Amino acid sequence: MPAIRTQSRSTKAAIDEHKTATTRDSILVVEEMQDLADCKMNYPLSEKDRNTFKTHDGKRVTPHQWAVYDFTRTIPCGRVTTYKDICVALGQGSPRSVGSALRNNPFAPFVPCHRIIASNLYIGGFFGEWGTGANARGGQKNTGLQCNRKMEMLAKEGVTFSVEGYLADESLLLIGRD
């Protein structure tokens with residue numbers, strides 16, 4: 001059964017009233033928090049619709065990808081989780097398979113793939129790039145700009161990172177640390 005993403009009144013009120021404070025170790029500061037996944041998009045929920053759905057490239061979405069997208073839709077605005085935690089929650093796949101599914105996410109930002117970070121709480125990857133600035137990996141094609149964009153998106157949702165690219169507040173993890 002697909003996860004249904006809902007937004008309660010208390011969450012909506014918190015988003016409307018939220019003002020972020022300026023901190024010296026945060027890379028970005030925004031005035032008002034906003035839920036970037038709050039948009040209209042055709043997201044197939046029935047088995048029939050999912051079986052006939054094809055991406056813009058004409059590819060079918062695999063059952064594992066649907067599971068990753070369904071779980072990712074349940075991550076509330078202002079929170080993040082890790083690639084590994086999604087695997088554990090789903091009981092299938094690997095962090096790399098989750099990353100691959102999200103890299104090919106045809107439903108962004110409705111399926112908020114920007115809310116997934118690495119297990120060490122580093123910003124992780126975005127659109128096939130990994131890391132920012134001097135930490136960027138992936139050869140000459142990796143400029144780090146996509147991960148900077150990911151940090152900007154998360155900052156709009158109230159999640160900030162250090163200048164080095166690590167989550168500034170661990171309490172924003174959807175699945176806490178032991």
Side-chain angles (χ1 to χ4, degrees), residues 1-7 27-28 34-45 49-51 53-132 135-139 141-161 165-167 170 172-177:
M1 175 90 186
I4 304 298
R5 186 174 192 287
T6 59
Q7 185 176 34
I27 195 165
L28 294 168
Q34 62 183 13
D35 185 348
L36 298 178
D38 188 17
C39 61
K40 302 270 187 228
M41 181 166 276
N42 179 24
Y43 184 79
L45 294 173
D49 290 342
R50 287 181 174 202
N51 287 335
F53 178 82
K54 290 185 181 179
T55 66
H56 293 295
D57 298 336
K59 296 180 181 177
R60 295 208 184 274
V61 176
T62 67
H64 176 67
Q65 289 171 318
W66 284 119
V68 170
Y69 301 153
D70 289 341
F71 183 86
T72 302
R73 288 183 61 223
T74 67
I75 301 166
C77 180
R79 303 291 294 275
V80 292
T81 194
T82 69
Y83 299 97
K84 180 181 177 183
D85 289 337
I86 291 177
C87 298
V88 171
L90 295 176
Q92 66 179 7
S94 68
R96 284 183 186 256
S97 70
V98 169
S100 179
L102 295 173
R103 181 175 44 254
N104 296 304
N105 175 10
F107 306 106
F110 184 73
V111 172
C113 52
H114 61 280
R115 296 180 186 158
I116 316 303
I117 63 173
S119 294
N120 65 356
L121 308 185
Y122 184 63
I123 187 66
F126 200 54
F127 282 93
E129 290 189 2
W130 186 270
T132 61
N135 296 324
R137 293 195 322 230
K141 291 182 180 178
N142 188 357
T143 62
L145 295 176
Q146 293 296 344
C147 288
N148 286 333
R149 190 171 135 224
K150 179 178 178 177
M151 283 197 286
E152 290 170 4
M153 292 173 75
L154 286 166
K156 288 179 182 177
E157 294 186 343
V159 180
T160 56
F161 291 81
Y166 290 90
L167 183 64
E170 279 190 46
L172 299 179
L173 277 172
L174 180 64
I175 301 172
R177 300 288 158 182

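Model, not experiment: these values are computed from the prediction.
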Exercise for the section: For Y69 and N105, work out which heavy atoms get closest and say how close. Expected result: OH-CA, 3.5 Å
Exercise for the section: List for me each residue that meets side chain to side chain contact (heavy atoms under 4.5 Å, CB included) alongside D57, sequence neighbours excluded, and say none if there are none. Expected result: T55, K59
Exercise for the section: Could you tell me whether R79 and E157 have a side-chain N and a carboxylate O separated by less than 4.0 Å? Expected result: no
Exercise for the section: Please round to the nearest 0.5 Å and tell me the distance separating atom NE2 of H114 and atom CZ of F126. Expected result: 7.0 Å
Problem - Main-chain N/O of G124 paired with Y83 side-chain donor or acceptor, under 3.5 Å - result: no
Problem - Residues which pass side-chain hydrogen bond (donor to acceptor under 3.5 Å, both in side chains) with T62, listed by chain and number, not counting sequence neighbours - result: Q65
Exercise for the section: Could you please spell out the steps behind the side-chain contact (heavy atoms from CB on, under 4.5 Å) verdict for S97 and H64? Expected result: CA-CA 9 Å; S97 70; H64 176 67; 3.0 Å; yes
Completion exercise
All heavy atoms of C113 vs all of L102, minimum pair found to be CB-CD2, 3.7 Å
Practice task
Give a yes or no answer on whether the side chain of S100 reaches the backbone of R96 with a donor-acceptor pair at less than 3.5 Å.
Solution key: no
Exercise for the section: Search all heavy atoms of D49 against all heavy atoms of P44 and return the closest pair with its distance. Expected result: CB-CB, 3.8 Å
Problem - Expected output: side-chain R73 to main-chain V111 donor-acceptor under 3.5 Å - result: no
Practice task
Output all residues satisfying side-chain hydrogen bond (donor to acceptor under 3.5 Å, both in side chains) with N104, sequence neighbours left out; order by chain, then residue number.
Solution key: none
Problem - K150 side chain vs G125 backbone, donor-acceptor pair below 3.5 Å - result: yes
Exercise for the section: Sort out for me which residue in T72, V80, L174 forms a side-chain contact (heavy atoms from CB on, under 4.5 Å) with I116. Expected result: T72
Handout entry: CG-CG distance between L173 and D85, expressed to the nearest 0.5 angstrom
Key = 7.0 Å
Practice task
Nearest 0.5 Å please: distance from the OG atom of S94 over to the CD1 atom of I86.
Solution key: 11.5 Å
Fill in the blank from the handout: Between N120 and Y166, the two heavy atoms sitting closest are O-CD2, 3.6 Å
Practice task
With sequence neighbours left out, write down each residue that passes side-chain hydrogen bond (donor to acceptor under 3.5 Å, both in side chains) with R149, or none if nothing qualifies.
Solution key: Q146
Handout entry: From SG (C147) to CD1 (I117), nearest 0.5 Å
Key = 12.0 Å
Exercise for the section: With sequence neighbours excluded, tell me which residues meet side chain to side chain contact (heavy atoms under 4.5 Å, CB included) with L172. Expected result: V159, D169
Exercise for the section: Indicate, with yes or no, if the rings of F107 and F53 have centres closer together than 6.0 Å. Expected result: yes
Practice task
Work out which heavy atom in G165 is nearest to a heavy atom in M151; give both atom names and the distance.
Solution key: CA-SD, 4.3 Å
Handout entry: I75 to R115 - nearest heavy-atom pair and separation
Key = O-NH1, 2.6 Å
Exercise for the section: Determine whether V98 and T82 make a side-chain contact, defined as any pair of heavy atoms from C-beta on separated by less than 4.5 Å. Expected result: no
Handout entry: side-chain hydrogen bond (donor to acceptor under 3.5 Å, both in side chains) involving T81 - partner list, sequence neighbours excluded
Key = none
